[in-house]
Amino acid sequence: MASAAQWLEGARPRTLPNAIAPVLVGTGAAASLDGAVWWKALLSLLVSLALIIGVNYANDYSDGIRGTDDERVGPLRLVGSGVASPAAVRGAAIASLSVAAVVGLVLVATTAWWLLLVGAACLAGAWFYTGGAKPYGYSGFGEIAVFVFFGLIAVLGTEFVQAEQVDWAGLVGAVAVGAFSSAVLVTNNLRDIPTDSQTGKTTLAVRLGDTRTRTLHQVLLVLPFVASLLLVARTPWALAGLLAAPLAVRSNTPVRGGANGPGLIPSLRDTGLAMLAWSVLTALALGIG
């Protein structure tokens, strides 16, 4: 039976910035429209956190039963390592996704009914990333899904449930956060190219190959800072986002330097930290402006 520490590691806490960042930026965008609502921001954060924990456990379960995680370089996988049964991990995934659904219903009831369709799409996206007969994460669409769900939908959804509208600043912020989130997954999949190739998991990194995947990581990290320059049209304080650039450079250094396997784990951490720092600075800038 897995220990509490192993369950925590299985939830992949290093991915939590992917859930926190879009809520920060979406709330900042809502605040710039004088529409921030603190309790809806907190509920949005709970939905986002429950979704990412749910998708992490769902991936652990689906990859584990397929044998994809039998040989890994990265952090512990509960099913693949044998410390937890597939049924237990599947139950944890369903419980987390259920929390996201229930809290999401509160936001639907207090905002707009059609958000129910958005929520259903998010739940389906979480499960079928590596689940089902033809998981889209095994066909190279993972980065696109992360960009859409933890970038566009999460940021604009957070803005909408508070301000009941979205605007160009929210869209720019959503693209930036989506780029950061995709960069995190690109780093992960770059590290796993050798094992994914052997197990038939055709991620975007496998399709692009090592060199082009490293270039993609760099391009994705540039986009948020272009977004900071664009957001100056809303408030000059948006330039504060550029202060996160050193973290982004540090996160790309192992990738640019040709690191492989465990050598890419610091890049995973630092890409998430750069995203979080940029999002905090940008949210504050939009709120002040």
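The structure presented is a predicted model; accordingly, all values stated were derived computationally and were not measured.
Using a distance-only test at 3.5 Å, with no hydrogens or angles considered, a donor-acceptor pair links the side chain of Ser182 to the main chain of Gly178. The main-chain N or O of Val23 is never found under 3.5 Å from a side-chain atom of Ser44 such that the two would form a donor-acceptor pair. Side chain of Arg212 to backbone of Leu208: a donor-acceptor contact under 3.5 angstrom is found. No donor-acceptor distance shorter than 3.5 angstrom exists from the side chain of Thr158 to the backbone of Gly26, with no hydrogens or angles considered. Between the Ser251 side chain and the Ala248 main chain, a donor and an acceptor come within less than 3.5 Å of each other.
Listed by chain and residue number, Tyr136 satisfy the ring-ring contact (aromatic ring centres under 6.0 Å, His included) test with Tyr129 (two or more places apart in sequence, or in another chain). Looking at residues two or more places apart in sequence or on another chain, you find a side chain to side chain donor-acceptor pair (under 3.5 Å) between Thr27 and Gln162. Take Arg207 and apply the salt bridge (Lys or Arg N to Asp or Glu O under 4.0 Å) test, not counting sequence neighbours, and it matches no residue.
Remark: Trp39 CH2 is packed, more than 12 non-hydrogen atoms of other residues, nucleotides or ligands lying under 6.0 Å away. Within 6.0 Å of CH2 in Trp7 there are more than 12 heavy atoms belonging to other residues, nucleotides or ligands.
Contact record, Val166 with Phe160: CG1-CB, 4.0 Å, taken as the closest heavy-atom pair.
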Problem - side chain to side chain donor-acceptor pair (under 3.5 Å) between Thr195 and Lys201, intermediate numbers included - result: CA-CA 8 Å; Thr195 53; Lys201 187 175 183 180; over 6 Å; no
Problem - Full working for side-chain contact (heavy atoms from CB on, under 4.5 Å) between Leu116 and Leu105 - result: CA-CA 7 Å; Leu116 200 63; Leu105 284 174; 3.4 Å; yes
Practice task
Let me see the working for Cys122 and Ile153 under side-chain contact (heavy atoms from CB on, under 4.5 Å), right down to the final yes or no.
Solution key: CA-CA 9 Å; Cys122 290; Ile153 290 178; 3.9 Å; yes
Side-chain donor-acceptor pairs under 3.5 Å in residues 49-56, sequence neighbours left out?
from  : atom 1 : to    : atom 2 : distance (Å)
Asn56 : ND2    : Ala11 : O      : 2.9
Asn56 : ND2    : Thr15 : OG1    : 2.9
Asn56 : ND2    : Ile52 : O      : 3.2

Can you give each donor-acceptor pair under 3.5 Å made by side-chain atoms of residues 255-265, sequence neighbours left out, with the distance rounded to 0.1 Å?
from   : atom 1 : to     : atom 2 : distance (Å)
Arg256 : NH1    : Asn252 : OD1    : 2.8
Asn260 : OD1    : Arg214 : NH2    : 2.9
Asn260 : ND2    : Gly258 : O      : 3.2

I'd like a table of donor-acceptor pairs (distance under 3.5 Å, sequence neighbours excluded) in which one partner is a side-chain atom from residues 221-234, with atom names and distances.
from   : atom 1 : to     : atom 2 : distance (Å)
Ser228 : OG     : Pro224 : O      : 3.4
Ser228 : OG     : Trp278 : NE1    : 2.8
Arg234 : NH1    : Ser32  : OG     : 2.7
Arg234 : NH1    : Asp167 : OD2    : 3.0
Arg234 : NH2    : Asp167 : OD2    : 2.5

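In this structure, the separation between CG on Leu284 and OG1 on Thr235 is 11.0 Å, given to the nearest 0.5 Å. With rounding to the nearest 0.5 Å, the separation of CZ in Phe180 from OG in Ser279 is 7.0 Å. Rounded to the nearest 0.5 angstrom, Thr203 OG1 and Leu185 CG are separated by 8.0 Å. Atoms CZ and CD1, on Arg191 and Ile193 in that order, are 11.5 Å from each other to the nearest 0.5 Å. Of the inter-residue distances, the one linking Leu273 atom CG with Leu247 atom CG reads 6.0 Å to the nearest 0.5 angstrom. Rounded to the nearest 0.5 angstrom, Leu190 CG and Thr211 OG1 are separated by 9.5 Å.
Taking the centre and axis of the six-membered ring of Tyr138, the NZ or CZ atom of Arg66 falls inside the cone set by 45° and 6.0 Å.
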